[in-house]
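By convention in this document, chain letters (A, B, ...) are assigned in the order of the sequence lines, proteins followed by strands, and residues within each chain are numbered from 1. As the structure is a prediction and not an experimental result, all values here were calculated from the model.
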Amino acid sequence: MDDILNKIKEFESFALSKLESVNDKKALDAIKIELLSRKGRLSEFYGMVSKVPTEMRPKLGAELNRIKKVIQDKIELTDKAFREVFKKEFFDYTLPVRASFIGHKHPLLQTVDDIITIFHGMGFEVAHGPDVETDYYNFDALNTPEDHPSRDLSDTFYIKKGILLRTHTSPVQIRTMEKKKPPVKIIAPGRCYRSDTPDASHSPVFYQCEGLYVDEGVSFGDLKGTITAFARTMFGKNVKVRFRPHFFPFTEPSVEYDFSCIICGGKGCRVCKYNGWLEISGAGMVDPEVFKTVGYDSEKYTGFAFGMGVDRITMLRYQIDDIRLLYENDVRFIRQF
Amino acid sequence: MKISYNWLKELLDFDASPEEVAYLLTMSGSEVETIENKGFEIKGVVTATITDIKPHPNANKLTICDVDTGEGKVSVVCGAPNLKIGMKVFFAGEGAVLAGNNKLKKATIRGVESSGMILAEDELGISDDHTIVIELADGYKPGRPIEDILALNDYIFELEITPNRPDCLSHIGIARELKALLGGKLKFPETSIDETGPEVSSNLTIEIDDPDGCPRYTGRLISDVKVRPSPLWLKLRLYYLGLRPINNIVDITNYVLLETGHPLHAFDYDYFKTAKVQVRRAYEGEKFVTLDEVERILNSKHLLITNAEEPVALAGIMGGLHSEVTESTTRVLLESAYFDPVTIRYGAKTVGLSTESSQRFERGADPDMAPKANNRACKLIAELANGKVFKGIVDAYPKNISPVKISFRPQIARTVLGIDINSNEINKIFKGLDIEFEGDGSLMDVTQPSFRPDLTREIDLVEEIARIYGLDKIPEVYRAGGTLGAEITPKAKVIDRLRNFLVGRGFVEIFPLTLVDGRQLIKIDNEIDFVKLQNPISEEMSALRPDLATTMLKVLRHNINHGNKDIKLFEVGTYYKPVKNGLALEKELICLAISGREEPVSWRHKEVFSDFYSIKAEIEAIFEYFKISDFEIEPCNSSHFADDCSYMIKDNDKIWGRLGRISSDVAKIVGIKQESFLAELEFDIFCEYALRQSYFKPLPRFPASNRDIAIIVDQSIPAKEIISLIKKVAGDIVEDVFPFDLYKGKNVSEGMKGIAFRIIYRSKDHTLTDDEVEEVHGRISQRLNKELGAQLRSK
Ligand SMILES: [Zn+2]
């Protein structure tokens, strides 16, 4: 029995010294097999357990287990050391990791976010209205009765008689004023629909943002100030804004407003058709007829309303030349922003 | 609307250049879209006389003309059918430039040298006619430059006129705008006529059956007219403004239309069977052939001009084929009327015609202009068609259109515009626009001009002041903002946080069109309820999306087909459901989709393809982030998902959404060629939970003790059951239980699974001893064995 124990001790120091001198992973794997595999040296000793007297067996077993653990720990330690070396040798701070996908917000919604932030800073709250509207809110309440020529301006999708897909965000003006007394200071971003065949600059579904400010003493000067402040916050301090008289049934006076070209700075380029100005959208002072419809006293209150094409603003700021790209949602496109 | 700079100069004295005029008009509401330079390219064209005509030796359709150009004789090959010896023509020699920048070179035509060209109208841009060469009146000496005879150079503005401004659809109207901006006096064209014919009243009566549709109708008669081509200046003017010259009578009516904005119609009076014009509504189903040779079937809302019961014109829209003025016409009835805008609009829309005439009547013509325009045209017909104008005009005016009187407070203009404009300036603006008024100071009585149907209210006058005063001069007002504390709704905040979170997890946000293919919706789920469009552009966009999956799958398909195969997409957006008596149900969903590799290809990790757990992990992550734990996932049926991978997300009573693998049927219908996973969550329910306020909980003061337990159980026992049993047994000292290893194969018999959990034990009030932990851990093993038949697996 002592003989066996001595042999085991010998084996232990042999194994440890062998493991001490190993210097590569391959050799380590070979030693591991030599020592611990089913036909390895340690197995031979375990085979002897049944040959010693019964009372000795636990002691021998315990000793063997101890040595097995010692060897395993040593192998593990050595392996770890090799791995460290491997890691160190291969370490390369220029190695691209590409650990995970990078998410992106849609550029149009990034623009919406920015618009909301800018107007929120000027005291405007966000209001919403439904995409599926009545012709009352979309037209009649906006001073655009059935036989009004300007109903020709919009080709409307209908759901059924009297119910349509809103052609602009202006119905939100009415819905808001119906619910609330002045002061009203809102913007209303949202989808709008017109029966346009899709091409590079038209989409049957598009995105607008409406603005409305009604209170005592709100003047056309406020409209100019608000739009100008927006333009400069969005596109930079040097942007100029130009207002041209226009016609909308629900504002009087009505205007269209242009920004000086954000691409060429007004000198003239392809985007501004060489005239230095970019047409943005329409605006005006709320027509007294509209106030009458919602029960506001137009002798007491005045207000302005404006619209803006968010698609257009997005396309301008990122120099996107085809509106369809915005709605196609190719991730290679969205990941650019 | 096209406007000629030269013509404006005839109506108003001003110095402004075409560019200045364009700027002024644009900034006052008549947007100039383009300025076209006309005729400037033409050079080197002179008058000449044909002195001899000889046959061409090699071509019997051609001739050789000897032409006296004033600087000598040249010979020209020409094939025109109207050549005569002694004829005065326009000649272009070598080096001359013709319309379209066409530079002339010496040419040899069928073997004969030609030193120039005898010109037809199209070569000078006067019309598109190339059938004959231009024949000038006798008396032009050879060698006079064309510029002496014809004002070829002009600037043509293309204007966008808003629908409220019919007056601006004319040169007089635009000249009046310029007058208001620049000052000066309008020179209204000459209308005094030498009436050499008999009394009109004994040769024409007008009967208006429907004064609402036709409040005013004037008629004049002209006899002995010579219908022939118009003089060059008239052709040139019409052609530059986009109209084809036809004959002098039609051209004159068009000319007066462009000049005054008032539509006229010339009838062949020889065709009339009686001397009476009747204006009436059409009968139901009455047929009428308009001069474009289309038979129109009318109803009782259409307004007709008739003679002896027979229609001769669809009032204000288009004349009839048979009463049209032709070369054989000798007597002309000239109509100049005022028709009701709504009637004309209805008529034009229903018969599908939009003419120069209907466009003006439906926007509102000038009732006072009716006789004036008639006189103006008669004067021109007398001059250019040798007509004898009958004495007098028949003016039927059964329904007087009286101008609106507006009480105007200048103060309102100051308030609304935010400017300090004085009464003098306001008076000047009104005078400039030919708006009559009385009084000034605090109250003015303003009379609506007959040519301005848009001016009926005080606010309309404010707009006039703004336009002419100049919007540029109104000072911007900047107010301190935000002091009211503009609200951001909690919902908006949740959306914001959610979008940021998902982007952080590598999702790309999509924003698709909400119009989808109704046929595809039915193919996927034939019981689906969705909002249909009555008048879609195409079947592909005939419905509003009833969920977000529909648009998400379309975007997935696009990306996969374009090689973007490893993909994580999301949208927080609106879906639409029909409602019986109302608009539509519009609510938001959160939609996620995952397909392809779970991570980008990298040396750092093994390639793993997305599976159900990938999408479930994202839902768990969202819920974890928003501190939502009250949800369960259970199998369900769902139209988009495979039967064996279709689950709903719910709590006790609410269904929050669904997640699963896109079924192969749906993938086939949509055209997706890759295994894809999708989840949808009702935003409102999510939001309600996400908005629950979190409150601080003290951090644990005592250490945790971790123990693992590995068991082998029947495959059918769900992890949820095991976890809840562990939690039940351990009570409040278990902080967390989660599976960290799953295994099958060796040591795990058929129908069983191996699963290992880590249990985190922690007490709130003391450090747990090993004995305490062991005791609980032991009890857990026993109960797992007893209740779930789990075998402990030693490790
Ligand atoms: Zn530019």
Do you know which two heavy atoms are closest between B:N559 and A:V331, and how far apart they sit?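 For B:N559 and A:V331, the tightest heavy-atom pair comes out as OD1-N, 2.8 Å.
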
Indicate the atoms forming the closest heavy-atom contact of B:E463 with A:H246, along with that distance. OE2-O, 3.7 Å

Given heavy-atom pairs under 4.5 angstrom as the criterion, report whether the side chain, backbone, both or neither of [X] touches chain B.
X	answer
A:F248	neither
A:L109	both
A:E279	side chain
A:F206	neither
A:Y213	side chain
A:I116	neither
A:D131	both
A:K161	backbone
A:V255	side chain
A:S203	side chain

Distance-only side-chain donor-acceptor flag, B:H558 / A:D330, under 3.5 Å: yes

Does a donor on one side chain and an acceptor on the other come within less than 3.5 Å for B:Y478 and A:T226?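 No, no side-chain donor-acceptor pair sits under 3.5 Å.
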
Name the member of [options] that forms the most heavy-atom pairs with chain A at distances under 4.5 Å.
options	result
B:R467, B:K532, B:R499	B:R499
B:I465, B:N500, B:T551, B:D454	B:N500
B:T415, B:D566, B:T489	B:D566
B:V462, B:D460, B:V531, B:I567	B:D460

Look only at the side chain of [X] and the backbone of [Y], and say whether a donor-acceptor pair between them is shorter than 3.5 Å.
X	Y	answer
B:W603	A:P96	yes
A:N329	B:F511	yes
A:K224	B:V477	no
B:N164	A:F247	no

Straight-line distance of A:L108 CG to B:I510 CD1, nearest 0.5 Å: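 Going from CG on A:L108 over to CD1 on B:I510, the span is 13.0 Å.
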
Between atom CG of B:L471 and atom CZ of A:F243, what is the distance when rounded to the nearest 0.5 Å?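 It comes to 8.5 Å.
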
Derivation and outcome, side-chain contact (heavy atoms from CB on, under 4.5 Å), residues A:I334 and B:E509: CA-CA 8 Å; A:I334 301 170; B:E509 181 175 41; 5.6 Å; no

Dump the intermediate steps for salt bridge (Lys or Arg N to Asp or Glu O under 4.0 Å) on B:K554 and A:E328, then the final yes or no. CA-CA 9 Å; B:K554 200 174 157 195; A:E328 187 178 66; over 6 Å; no

What I want to find out is whether B:D472 reaches A:R242 closely enough, with some N-O distance under 4.0 Å, to be called a salt bridge.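 Looking at A:R242 together with B:D472, the answer is no, because their closest N to O distance does not fall below 4.0 Å.
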
If you tally heavy-atom pairs under 4.5 Å against chain B, which of A:L164, A:I163, A:V97, A:T302 wins?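 With the most close heavy-atom pairs to chain B, the winner is A:V97.
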
Full working for side-chain contact (heavy atoms from CB on, under 4.5 Å) between B:I537 and A:R194: CA-CA 10 Å; B:I537 320 176; A:R194 274 180 210 181; over 6 Å; no

Residue by residue, which of residues 98-107 of chain A have a heavy atom closer than 4.5 Å to a heavy atom belonging to chain B? A:R98, A:A99, A:S100, A:F101, A:I102, A:G103, A:H104, A:K105, A:H106

